[in-house]
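Taking it in order: structure first as structure tokens, then the write-up.
Residue numbers start at 1 and run along the sequence shown. We count ligands from 1, going down the list as the structure has it; atoms in each ligand are counted the same way.
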Amino acid sequence: MEFRTAGVIGAGAWGTALAQVCVRAGLDTTLQAREQQLVETMRATRANDLYLPGVPLADELKFTADLADLGVCDVILAVPPAQHMRATLTAFAPHYRAGVPVVLCSKGVERGTMKLMTEVLAETLPDAPAAVLSGPSFAGEVSRGLPTAVTLACADQALGEALLNTLSAPGFRPYLATDLVGAEAGGALKNVLAIACGISEGRQLGRSAHAALITRGFAEMTRLAVAMGGQAETVAGLCGLGDLVLTCSSPQSRNMSLGLALGQGQTVEQALAGKRSVAEGYESAPAVRELAARLGVEIPISEGVAALLAGEIDVDGLIDGLLSRPLKAERV
Ligand SMILES: NC(=O)C1=CN([C@@H]2O[C@H](COP(=O)(O)OP(=O)(O)OC[C@H]3O[C@@H](n4cnc5c(N)ncnc54)[C@H](O)[C@@H]3O)[C@@H](O)[C@H]2O)C=CC1
Ligand SMILES: O=C(CO)COP(=O)(O)O
């Protein structure tokens, strides 16, 4: 299996950064943006000023607004916000070539259906071999070539190995896994938990609270992932713990910075006002909450964040609720 050409769907910050990685990996790469104007600007300025300002884009990178142009690619990376994955893949379906692997790079759970991106893929492109790419990776850092390591999950070992070789690039080191559900659960949950860490930071609750939140957040991430059919070992890797630590530790994270604003007293509307970029934790929180309830899994931190975002409680209510839970044995 050899892949020479890559098509990246979605020219937000992460799609753009991954397109840079593909070029660095030696792939002939086309980045698709839904905004025609952005395509023209990127062609003219070699920069994505809308979603990833200040990063010079590789000379070899090609741009298009037309999904049909990706129909010839050997591998597809799907990077729209999770809530738009279904519509995006449905629009791509007429151009999809059977057998071409689709690497899902978005982090979230679909609202309403509570489905993971692999399930959305199976319903929109039923014949597409799936992989999930997820891990600690801020677009701004990766696009500049700063190093990181991520999880690449694929159920088919041979395809997984081929994708691993295809997508590894200087400074970008994927590790192979077979557990797609675990990889997806980690990426979706860490965004909700990062909002909680941001709130703690905004309220100046201290480093101890921060560490306690990450640790108990990891416990609930593991519980939910396992109940969904994933493996605890996967969640303990880059796509779970790794990404949780990153996202909870830096205001570079859109999710953590949303929490910071809430902790500092802004309303949800104020904190999101004028934002062009997506905070997936905000988008996925209701679905994560519903999923956990359906599976009978306790996720008190994420549940509290979902309740706060839904306007059911305020920040004090969230903190009091977490600190007044019954005392119990420490376990996952
Ligand atoms: N930014 C980052 O550092 C990372 C982001 N991700 C994930 O990548 C996914 C995409 O995030 P970003 O690239 O950061 O997005 P972004 O926040 O930079 O940009 C928003 C994107 O949403 C697209 N969009 C808006 N409305 C749309 C619609 N109706 N249909 C389809 N697309 C629409 C825009 O065209 C744009 O590409 C998310 O799931 C995110 O969690 C994963 C790893 C790192
Ligand atoms: O997923 C990310 C880093 O791995 C990006 O996090 P944010 O979406 O919170 O910015």
Side-chain angles (χ1 to χ4, degrees), residues 8-21 31-39 41-42 48-53 55 63 65 67 77-92 103-111 116-117 120 132-144 146 148-152 172 174 183-184 186-198 237-261 271-272 274-285 287 305:
V8 180
I9 303 181
W14 190 224
T16 306
L18 283 173
Q20 294 268 91
V21 168
L31 173 63
Q32 181 269 347
R34 59 194 288 278
E35 303 89 344
Q36 180 64 49
Q37 181 58 51
L38 177 58
V39 170
T41 313
M42 287 194 290
N48 181 343
D49 285 339
L50 215 46
Y51 297 113
L52 194 63
V55 177
F63 307 100
L67 283 167
L77 279 69
V79 207
Q83 304 310 320
H84 299 303
M85 183 65 84
R86 185 177 294 275
T88 302
L89 293 178
T90 301
F92 179 58
V103 184
L104 299 159
C105 310
S106 311
K107 298 173 180 170
V109 181
E110 190 176 52
R111 280 191 193 213
L116 294 172
M117 298 301 102
V120 173
V132 169
L133 183 82
S134 193
S137 48
F138 281 137
E141 297 179 351
V142 171
S143 59
R144 289 185 171 86
L146 294 178
T148 193
V150 298
T151 302
L152 193 144
F172 194 77
E184 288 196 90
L189 260 287
K190 67 88 189 175
N191 284 329
V192 183
L193 294 164
I195 297 176
C197 276
L238 293 155
C239 57
L241 182 60
D243 212 354
L244 180 66
V245 170
L246 174 77
T247 315
C248 289
S249 305
S250 166
Q252 265 189 79
S253 155
R254 287 86 51 98
N255 290 289
M256 186 180 176
S257 62
L258 167 60
L260 262 172
L272 292 174
K275 291 269 188 310
R276 185 179 285 126
S277 60
V278 66
E280 291 284 30
Y282 169 77
E283 302 294 340
S284 285
V305 170

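A side-chain contact (heavy atoms from CB on, under 4.5 Å) with Val79 is found for one member of Ile9, Val8, Leu104, Val103 and no other, namely Val8.
Every atom of ligand 1 with a heavy atom of Lys107 under 4.0 Å away is listed here by number and element: 39 (O), 41 (O), 42 (C), 43 (C). Every atom of ligand 2 is numbered from 1 in the order shown, and the set under 4.0 Å from a heavy atom of Gly135 is 4 (O). Shown in contact with Phe138 at under 4.0 Å from a heavy atom are these atoms of ligand 1, numbered in order with element: 3 (O). Per-residue contacts place Ser277 under 4.0 angstrom from the following atoms of ligand 1 (heavy atoms of the residue considered): 17 (O). Below 4.0 Å from some heavy atom of Glu280 lie the following atoms of ligand 1, by number and element: 38 (C), 39 (O), 40 (C), 41 (O). Within ligand 2, the atoms closer than 4.0 Å to a non-hydrogen atom of Asp243 are 3 (C), 4 (O), numbered from 1 in the order shown. Close contacts of ligand 1 with Ser106, meaning ligand atoms under 4.0 Å from a residue heavy atom, involve 39 (O). Close contacts between ligand 2 and Ser137 involve ligand atoms 3 (C), 4 (O) [criterion: under 4.0 Å to a heavy atom]. Set against the non-hydrogen atoms of Leu246, the atoms of ligand 2 under 4.0 Å away are 3 (C), 4 (O). Of all the atoms in ligand 2, the ones that sit under 4.0 Å from a non-hydrogen atom of Asn255 are 7 (P), 8 (O), 9 (O). Taking a cut-off of under 4.0 Å to the non-hydrogen atoms of Ser137, the atoms of ligand 1 that pass are 3 (O), 43 (C), 44 (C). Of all atoms in ligand 1, numbered sequentially from 1 with element shown, those under 4.0 Å from a heavy atom of Ala139 are 1 (N), 2 (C), 3 (O). Proximity to Glu35 (heavy-atom distance under 4.0 Å) selects the following atoms of ligand 1: 34 (C), 35 (O).
If you look at Thr88 next to ligand 1, the close heavy atoms, those under 4.0 Å, all belong to the side chain. Contacts of Arg34 with ligand 1, taken as heavy-atom pairs under 4.0 Å, involve the side chain alone.
The two residues Pro136 and Ala149 make their nearest non-hydrogen contact at CD-O, 3.4 Å. Contact record, Val132 with Ala183: CG1-CB, 4.0 Å, taken as the closest heavy-atom pair. The minimum heavy-atom distance linking Thr88 with Leu67 is given by the pair O-CD1, 4.1 Å.
When the side chain to side chain contact (heavy atoms under 4.5 Å, CB included) test is applied to Ala33, the partners found at least two apart in sequence or on another chain are Ala11, Glu35, Leu38, Val39, Met42.
Look at Ala11 and you'll find a heavy atom under 4.0 Å from some atom of ligand 1. For the pair Ala87 and ligand 1, no heavy-atom separation below 4.0 Å is found.
In this structure, Arg111 is positioned above the aromatic face of Tyr282, its NZ or CZ under 6.0 Å from the six-membered ring centre and within 45° of the axis.
For atom 10 (C) of ligand 1, the candidate residues are Leu50, Val79, Ile9; the nearest heavy-atom contact is made by Val79.
With rounding to the nearest 0.5 Å, the separation of OG1 in Thr247 from CG in Leu189 is 11.5 Å.
Residue, atom and distance of the protein heavy atom nearest to atom 13 (O) of ligand 1 are Trp14 N, 2.8 Å. Among all non-hydrogen protein atoms, the one lying nearest atom 14 (O) of ligand 1 is Arg254 NH2, 2.9 Å.
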